Amino acid sequence: MNMTATLKSDITPQGADYETVRQVIELITEDYRDQPSLEDIAARLKQPPTQLQKTFTRWAGLSPKAFLQAVTLDHAKRLLRQESMPLLETSIEIGLSGPGRLHDLFVTHEAMSPGEWKARGAGLTIRYGFHPSPFGQALVMATERGLAGLAFADDGNEQACLDDMTCRWPNATYVRDQEATAPYAARIFDPGRWRPEEPLRIVLIGSDFQVRVWQALLRIPMGKAVTYSDIAGELGQPTASRAVGAAVGRNPISFVVPCHRALGKSGALTGYHWGLTRKRAMLGWEAGKA
DNA sequence: TCTGATACCCGCT
DNA sequence: AGCGGGTATCAGA
């Protein structure tokens, strides 16, 4: 590993912080109308304000207040307005050379053939493991060809999370293998290891339409967002926004395929398979790294 | 403005 | 046939 990676590795977020952060996010979004102060929040979580501030900032790179700013409707609208349509088409060229994508996670993707998709994972061996992440317990799934699945669970929900993922490819063989999946987790959640020279290999297993939607998501740089209808337009089917939403929701490699960067046209977050709080957390966390 | 209800959209099961 | 991580439009608050 090179110098850059080593130097930056100490910003690796600590998985244990997420539970605290999750509660803070829930509080500030529930009560966003009356803008709770740090003291209010700390009191309700029964923690000293200074420690809470420290935990939160270590996790997000932003103070709770700045974070709140970053996940408001206004801010979301600004993300969308910046460059909605041209963004998807040009971001690859811009991104590889320009600063806009300097901190983004680079991936190379390949899609499974329609035949492989219909086989529902038959003949495929999928290794999986749970690892702490900035967004709770992360379930990592990988095939020989690369990362195939990434999901999230709150503590205690791991089994439901695993079931959710395994039934997507019911005919695959599943092997618990923490050792095989740990390197993926370590790399995905450490922005210091995101480098274009060594892109992360991922495998997209889904229907043709779904794969096209996921590929469009991959072109949204960190710190930007698009709407479901933007993606529909990109695919040449401007009225298919609802179908796009459904496909986005079935994204098996969440976070890496940045489905959290798809928002409603109003700027509302509208939904997230692993919980809206987590979507908010991802957007805020990225705001702190960008 | 903001919130609900309604109508239409489209790929997947 | 029916269900969504949608969207535009319109009626009441």
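Residue numbering restarts at 1 for every chain, and letters A, B, ... go by the order of the sequence lines. Because the structure is a prediction, the values reported are computed rather than measured.
In this structure, CZ of A/R168 is placed 11 Å from P of B/dT13, rounded to the nearest angstrom. Rounded to whole Å, the distance from CZ on A/R212 to P on B/dG11 is 9 Å. Nucleotide C/dG5 holds its P atom 12 Å from the CG atom of A/D164, rounded to whole Å. Per the geometry, CG belonging to A/L80 stands 10 Å off P belonging to C/dT7, to the nearest Å. In this structure, the CZ atom of A/F255 is 19 Å from the C1' atom of C/dG5, given to the nearest Å. If you take CZ of A/F209 and P of B/dG11, they are 6 Å apart, rounded to a whole angstrom. Note: CG (A/L263) to C1' (C/dT7) measures 15 Å, nearest angstrom. Spacing between atom CG of A/D74 and atom P of B/dC2 amounts to 10 Å, rounded to whole angstrom units.
A/K289 and A/E286 are not joined by a salt bridge, as no carboxylate oxygen comes within less than 4.0 angstrom of a charged side-chain nitrogen. A salt bridge links A/R212 with A/D208: the distance from a Lys NZ or Arg NE/NH1/NH2 to an Asp or Glu carboxylate oxygen falls below 4.0 Å.
Heavy atoms of A/Y228 sit under 4.0 angstrom from at least one base atom. At a threshold of 4.0 angstrom between heavy atoms, the contacts of A/S207 are confined to the sugar-phosphate backbone, with no base atom among them.
Closest to the A/R242 side chain, of the nucleotides B/dC10, B/dT13, C/dG6, is C/dG6. Side chain of A/S229, nearest nucleotide from C/dT7, B/dC10, C/dG5: C/dT7. Candidate nucleotides B/dC9, B/dT13, C/dG4 were compared by shortest atom distance to the side chain of A/R120, and B/dT13 ranks first. Ranking C/dG4, B/dT13, C/dG5 by closeness to the A/K279 side chain, first place goes to C/dG5. Which of B/dC10, C/dG5, B/dC12 sits closest to the side chain of A/Q210 comes down to B/dC12. Comparing C/dG5, C/dT7, B/dG11 against the side chain of A/A243 picks out B/dG11 as the nearest.
Between A/Y228 and A/T270, the closest side-chain pair of non-hydrogen atoms falls below 4.5 Å. Inter-residue side-chain proximity for A/W274 and A/C161 is flagged as met; some heavy-atom pair is nearer than 4.5 Å.
A/D230 places a side-chain N or O within 3.5 Å of a backbone atom of A/T227 that can act as its donor or acceptor partner. The closest donor-acceptor contact from the side chain of A/R261 to the backbone of A/I220 lies under 3.5 Å.
A perpendicular orientation is assigned to the rings of A/Y18 and A/F135, their planes being inclined by more than 60° (bins at 30° and 60°).
In terms of the ring pair (Phe, Tyr, Trp, His ring centres under 6.0 Å) criterion, residue partners of A/F67 (sequence neighbours excluded) are, by chain and number, A/F56.
Of the residues near DNA chain B, A/A246 and A/L73, the one whose nearest nucleotide (by heavy atom distance) lies more toward the 5' end is A/L73.
Rounded to the nearest Å, the gap between the P atom of C/dG5 and that of B/dC8 is 22 Å.
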>> Show me the dot-bracket string of DNA chain B, counting Watson-Crick or G-U pairs under 3.5 Å, with | for pairs to another strand and [ ] for crossing ones.
In response: ||||||||.||||

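Between A/K265 and C/dA8, a side-chain N or O to OP1/OP2 separation shorter than 4.0 Å is present. Taking only side-chain nitrogens and oxygens, A/S241 never comes nearer than 4.0 Å to OP1 or OP2 of B/dC9. Put simply, A/Q237 has a side-chain N or O that comes within less than 4.0 Å of OP1 or OP2 on B/dG11.
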